[in-house]
There are 2 protein chains.
Amino acid sequence: MSRTRGSSGPKTLAAINEAGLDLIYTAGYEAMSLRELAAKVGLQPGSLYNHIETKQDLLFDLIHNHMVMLLARVDAELEGVEGPVERLKAFVAFHLDYHIERKREVFIGSAELRSLTPKNRKTIVTLRRAYEDRLCDILKTGAAKRLFAVSDIRVTAYALLAMLTGICTWYDPKGRVSRRKLIDIHTRLVLDGVTA
Amino acid sequence: MSRTRGSSGPKTLAAINEAGLDLIYTAGYEAMSLRELAAKVGLQPGSLYNHIETKQDLLFDLIHNHMVMLLARVDAELEGVEGPVERLKAFVAFHLDYHIERKREVFIGSAELRSLTPKNRKTIVTLRRAYEDRLCDILKTGAAKRLFAVSDIRVTAYALLAMLTGICTWYDPKGRVSRRKLIDIHTRLVLDGVTA
DNA sequence: TATAAAAACGATCATACGTTCGTTTCCTGA
DNA sequence: TCAGGAAACGAACGTATGATCGTTTTTATA
């Protein structure tokens with residue numbers, strides 16, 4: 001046996017990425033074996049290497065694609081929104097929405113940082129920093145206009161991001177709490193926390 | 001060669017736990033090998049088994065001891081503190097202090113949950129739930145007395161805990177921000193967020 | 001002080017891992 | 001239509017891993 005009927009490169013790669021995402025999310029990068037991954041996709045282990053360079057590259061690509069997407073989406077979402085309060089509200093709503101939708105990517109993006117090569121990790125951390133700066137900028141502008149009272153921009157931004165990102169570890173879209181209510185609660189927590 | 005001079009059970013176990021804590025924190029449980037660990041302690045790999053049952057038990061014991069300690073300490077800290085506002089302040093201060101002091105244990109306690117046996121994980125999750133309940137109780141009492149305005153106790157508690165625990169991933173005691181200032185910032189964020 | 005338990009060694013086991021490679025079959029574009 | 005690249009197979013390699021075991025030396029107890 002050899003090449004199977006109907007096989008195509010991009011499709012298989014997408015399947016590998018999806019299965020990899022799932023396995024890394026549930027078991028962790030180190031705990032996931034390429035044999036498991038191959039089995040989940042329906043391939044022999046060696047065949048994976050027609051689509052990925054190494055196991056490390058699989059992880060990096062997953063995280064990297066996620067970060068690039070995250071940055072593009074937040075900028076699109078904030079475009080044209082005027083005023084620090086409105087921008088902060090938009091940021092919170094976007095952040096929660098995105099983190100609910102892509103909780104696996106987000107979780108891996110922080111939990112598996114340690115599994116990245118130093119060089120790869122640096123790339124990701126730089127992108128993450130850029131995302132954090134989006135929030136810092138909003139807080140800074142609001143503080144300058146005396147709309148916000150923030151004693152330390154960066155610390156506050158990290159605190160808020162930690163709070164907003166925390167939902168990835170427990171929120172269940174099919175659970176008791178609706179997405180709308182979740183956003184309301186967090187928006188209030190954030191706004192009350194920074195408003196002058 | 002065989003038993004080395006001056007060796008004693010409890011001492012070696014403590015060294016194993018400390019080295020294990022460090023390795024798991026920096027590299028992750030799966031990525032840490034017992035050979036690395038043994039080398040760090042100054043033992044042959046096989047000798048570890050005079051002190052631990054399995055690698056899994058090493059991880060479990062580390063997390064379990066941490067959780068038991070955390071619960072004992074929070075109860076001691078809250079004992080005798082009266083009034084929801086004061087209790088909330090005390091909780092925030094304690095939580096931050098403890099999480100700064102033992103950031104490695106805390107980090108492992110959540111990041112390596114996935115590496116635990118289902119049964120072991122269940123034990124830890126139960127303990128964690130008990131800790132979360134401490135905060136929930138404070139919020140509930142405060143809400144009943146109309147001191148706090150909280151639309152969903154559990155969601156709010158999780159949001160606050162995520163925020164407070166986030167410092168483990170970035171706070172550096174030797175950095176720009178003092179412990180005092182950190183507590184002040186977070187206390188304000190929490191109080192403003194829940195006060196009626 | 002004799003003796004059993006404790007704590008270390010060092011060799012070894014079976015297994016699982018990431019990756020490579022030669023080969024075969026299928027798909028696609030000239 | 002047919003040639004060449006793409007995508008799969010399956011076997012294999014070298015290494016690393018968690019764990020076991022018989023043995024030896026030290027410590028501690030009675």
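This structure is a prediction, so every number in the text was calculated from the model and none was measured. Protein chains get the first letters and strands the later ones, always in sequence-line order, with residue 1 at the start of each.
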- Specify the separation, in whole Å, of atom NZ of A:Lys55 and atom C1' of C:dT20. 17 Å
- Query: Is there a side-chain polar atom (N or O) of A:Thr12 under 4.0 Å from OP1 or OP2 of D:dA8?
  - Reply: yes
- Query: Rounded to the nearest Å, what distance is computed from the CG atom of residue A:Leu34 to the P atom of nucleotide D:dA12?
  - Reply: 20 Å
- Message: Among A:Lys181, A:Arg180, A:His186, exactly one meets side-chain hydrogen bond (donor to acceptor under 3.5 Å, both in side chains) together with A:Asp184. Which residue is that?
- Response: A:Arg180
- Item | Rounded interatomic separation in angstrom, taking CG from B:Leu37 and P from D:dA16 | 18 Å
- Before accepting this row, confirm whether a basic side-chain N of the pair B:Arg104/B:Glu18 lies closer than 4.0 Å to the acidic partner's carboxylate O. yes
- Query: Relative to the 5' end of DNA chain D, which residue comes earlier, A:Gly42 or A:Arg35, by the nucleotide with the nearest heavy atom?
  - Reply: A:Gly42
- Taking atom P of C:dC17 as reference, at what distance in whole Å does atom CG of A:Leu23 sit? 12 Å
- Message: Using 0.5 Å steps for rounding, measure from the CG atom of A:Asn120 to the NE2 atom of A:His64.
- Response: 9.0 Å
- Message: Is there a side-chain contact between B:His51 and the phosphate of C:dA8, meaning an N or O under 4.0 Å from OP1 or OP2?
- Response: yes
- Could one point to a donor on the side chain of B:Asn50 or the base of C:dA6 with an acceptor on the other under 3.5 Å away? no
- Task: Not counting sequence neighbours, which residues clear ring-ring contact (aromatic ring centres under 6.0 Å, His included) with B:Phe148? List them please.
- Result: none
- Query: Within the structure shown, what part of the strands sits under 4.0 Å from A:Ser47 by heavy-atom distance: base, sugar-phosphate, or nothing?
  - Reply: base
- Can you check the A:Ile52 CD1 to C:dT19 C1' distance for me, whole Å? 10 Å
- Taking the nucleotide of DNA chain C with the closest heavy atom to each, which residue, B:Gln44 or A:Gln56, is nearer the 5' end? B:Gln44
- Query: B:Glu36 has an atom CD; how far is it from atom C1' of D:dA16, in whole Å?
  - Reply: 11 Å
- Message: In whole Å, I'd like the distance from the CG atom of B:Leu48 to the P atom of C:dA11.
- Response: 17 Å
- Query: In whole Å, what is the span from the OH atom of B:Tyr49 to the P atom of C:dA11?
  - Reply: 18 Å
- Across the strands shown, which category fits A:Leu43 at heavy-atom distances under 4.0 angstrom: base, sugar-phosphate, nothing? sugar-phosphate
- Query: Are OP1 or OP2 of D:dA16 and a side-chain N or O of B:Ser33 less than 4.0 angstrom apart?
  - Reply: no
- Task: Quick one: pull up CG in B:Leu182 and OH in A:Tyr158 and give me the separation to the nearest 0.5 Å.
- Result: 13.0 Å
